[in-house]
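Data block below; observations after.
Each chain gets a letter, A, B and so on, in the order the sequences are listed, and its residues count up from 1.
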2 protein chains.
Amino acid sequence: MSTAQGARARARIEVTAAIKDEARRQLAAEGAAKLSLRAVARELGMVSSALYRYFPSRDDLLTALIIDAYDSLGEEAESAHAEVAAAGPRERWITVCVAARRWALAHPHEYALIYGSPVPGYTAPQETVPAASRVGVLLIGVVRDAYGGKGVARTPLPAEMKTEAQRMSAELAPDLPPEVIVALVASWAQLYGLIGFELFGQFNRVVEDREPFFRHAVGRLAHDVGLVYPEQAATAGGPPSP
Amino acid sequence: MSTAQGARARARIEVTAAIKDEARRQLAAEGAAKLSLRAVARELGMVSSALYRYFPSRDDLLTALIIDAYDSLGEEAESAHAEVAAAGPRERWITVCVAARRWALAHPHEYALIYGSPVPGYTAPQETVPAASRVGVLLIGVVRDAYGGKGVARTPLPAEMKTEAQRMSAELAPDLPPEVIVALVASWAQLYGLIGFELFGQFNRVVEDREPFFRHAVGRLAHDVGLVYPEQAATAGGPPSP
DNA sequence: CAAAAACGAGAGCGCTGCTCTTGCGCTGGA
DNA sequence: TCCAGCGCAAGAGCAGCGCTCTCGTTTTTG
């Protein structure tokens with residue numbers, strides 16, 4: 001058996017986790033740029049050079065934090081989705097989006113690490129991909145369920161997009177029509193535009209009451225990908241207002 | 001007269017500009033995090049402490065670059081818009097969006113500086129606001145022209161958004177209906193979501209042929225704010241495809 | 001013309017990421 | 001069971017960073 005290798009291996013795992021924890025603490029407190037290997041080592045009572053036995057460079061430590069952040073976000077979105085799994089697709093879509101926003105507001109520096117400008121001169125390595133796509137996979141699933149074979153007709157694509165749309169469809173979800181995939185990917189990017197603008201201060205003095213605004217906006221995104229209201233026509237009846 | 005103060009003042013202006021130019025060069029080459037005061041001074045043949053006579057800190061230099069970047073983006077968008085000033089609002093909208101994307105792709109690090117995660121621990125000072133709002137003002141203008149008093153009915157707002165929508169409308173464009181302002185602000189944020197995802201590599205292996213995708217997506221944004229096609233119904237006629 | 005302000009140069013402080021060497025203790029194979 | 005070898009912590013050190021302070025010199029100003 002390869003588990004329980006020995007005290008040595010177990011200690012290594014524990015120290016590695018302790019480093020990541022302390023690093024995450026500093027990341028949350030001060031942001032990625034002020035995250036310092038020396039400070040992490042200092043806080044853990046070890047000398048800075050010892051830390052390089054666990055992470056060969058600062059970038060490698062950041063990469064580990066990035067993967068964890070993607071996973072944390074994905075988990076939040078998935079568990080929020082699980083709680084409304086029985087609801088209609090539109091509500092499930094909005095729930096996932098709201099969960100993503102909630103996570104971002106709770107972990108601004110980690111959000112900045114993964115969806116803001118990548119840390120200077122740094123390009124995300126391949127091993128982040130699976131963790132990074134969890135929210136996307138969730139959104140695809142919601143739309144897939146909504147379309148259950150019916151293939152609701154959507155906004156037709158311009159001619160010069162047809163082949164690319166078919167490639168995207170084949171790559172991401174062959175069972176969904178290309179128009180839907182295109183709308184889905186665009187909505188996916190736009191979701192993070194909404195979150196980023198709020199988080200990075202672009203909405204200051206522009207949008208004040210942000211949660212209803214966000215819900216409304218992602219509701220329109222849901223509509224864009226073809227997720228309609230539970231009761232199709234009951235959308236025009238709002239209470240009167242001056 | 002206060003102009004032509006003397007050789008001293010003129011020299012100061014020139015040196016300040018030279019510092020900004022060299023800093024911009026390093027920013028474009030290596031990104032904001034690798035921008036070093038000492039390296040800028042070195043390249044200019046001065047000692048690093050002398051540079052502090054012109055910019056009291058690294059953040060102040062970055063702030064100057066941020067304002068310049070906003071202005072550069074705003075100028076690109078405005079001149080692109082000027083060239084299609086006579087066209088329909090939908091085409092003008094798309095033109096402005098395409099110009100913003102083009103600028104972002106040409107100046108990725110400057111884009112990251114203003115729309116990515118703000119440089120660690122850094123909050124944009126108030127003096128960046130006018131430069132930052134140039135693209136937004138442009139988009140508002142396009143929509144305003146399209147609505148020329150007619151007030152096309154749009155998606156009704158949920159009850160809990162009415163007061164906020166009215167506040168936003170009063171603040172940004174009192175002559176436009178609140179529903180339109182809400183859609184406009186959301187589209188504004190979503191536009192930068194599309195650009196950011198492409199620029200920061202989130203579209204890698206997802207969207208390959210990006211320009212048509214972008215045009216299509218911002219076309220839908222135009223639709224969201226109520227800008228319709230020139231010939232209202234001629235949208236469904238695409239060439240056949242397998 | 002003299003006082004004052006602006007400026008360039010240099011030294012220095014404390015911090016960073018990272019490397020290299022040294023010595024200790026656990027661990028796996030003979 | 002022994003012991004060679006590897007993993008590990010520690011320390012010193014290097015080059016770079018932002019920033020401060022001092023000290024002559026030059027320019028502007030009253």
Notebook entry, point to check: What residues form a salt bridge (Lys or Arg N to Asp or Glu O under 4.0 Å) with A:R102, not counting sequence neighbours?
Noted result: A:E76

Margin query: So, using ring pair (Phe, Tyr, Trp, His ring centres under 6.0 Å) as the criterion, who are the partners of B:H81 when residues are at least two apart?
Written below: none

Notebook entry, point to check: Who are the salt bridge (Lys or Arg N to Asp or Glu O under 4.0 Å) partners of A:D71, not counting sequence neighbours?
Noted result: A:R134

Margin query: In this structure, how many angstroms lie between the C1' atom of C:dA4 and the CZ atom of B:R8, rounded?
Written below: 13 Å

Next item on the list: Only counting residues at least two apart or in another chain, list the ones meeting ring pair (Phe, Tyr, Trp, His ring centres under 6.0 Å) with B:F203.
Entry: B:F197, B:F213

Check: Given atom CZ of B:R12 and atom C1' of D:dT26, what is their separation to the nearest angstrom?
Finding: 15 Å

Next item on the list: Mark up nucleotides 8-17 of chain C, 5' to 3', with B wherever a protein heavy atom is under 4.0 angstrom from a base atom, S wherever such an atom reaches only the sugar-phosphate, and - elsewhere.
Entry: BBB-B---BB

Checklist line | By side chain to side chain donor-acceptor pair (under 3.5 Å) - contacts of A:Y111 (at least two apart) | finding: none

Next item on the list: To the nearest Å, give me how far apart CD (B:Q26) and C1' (D:dC17) are.
Entry: 13 Å

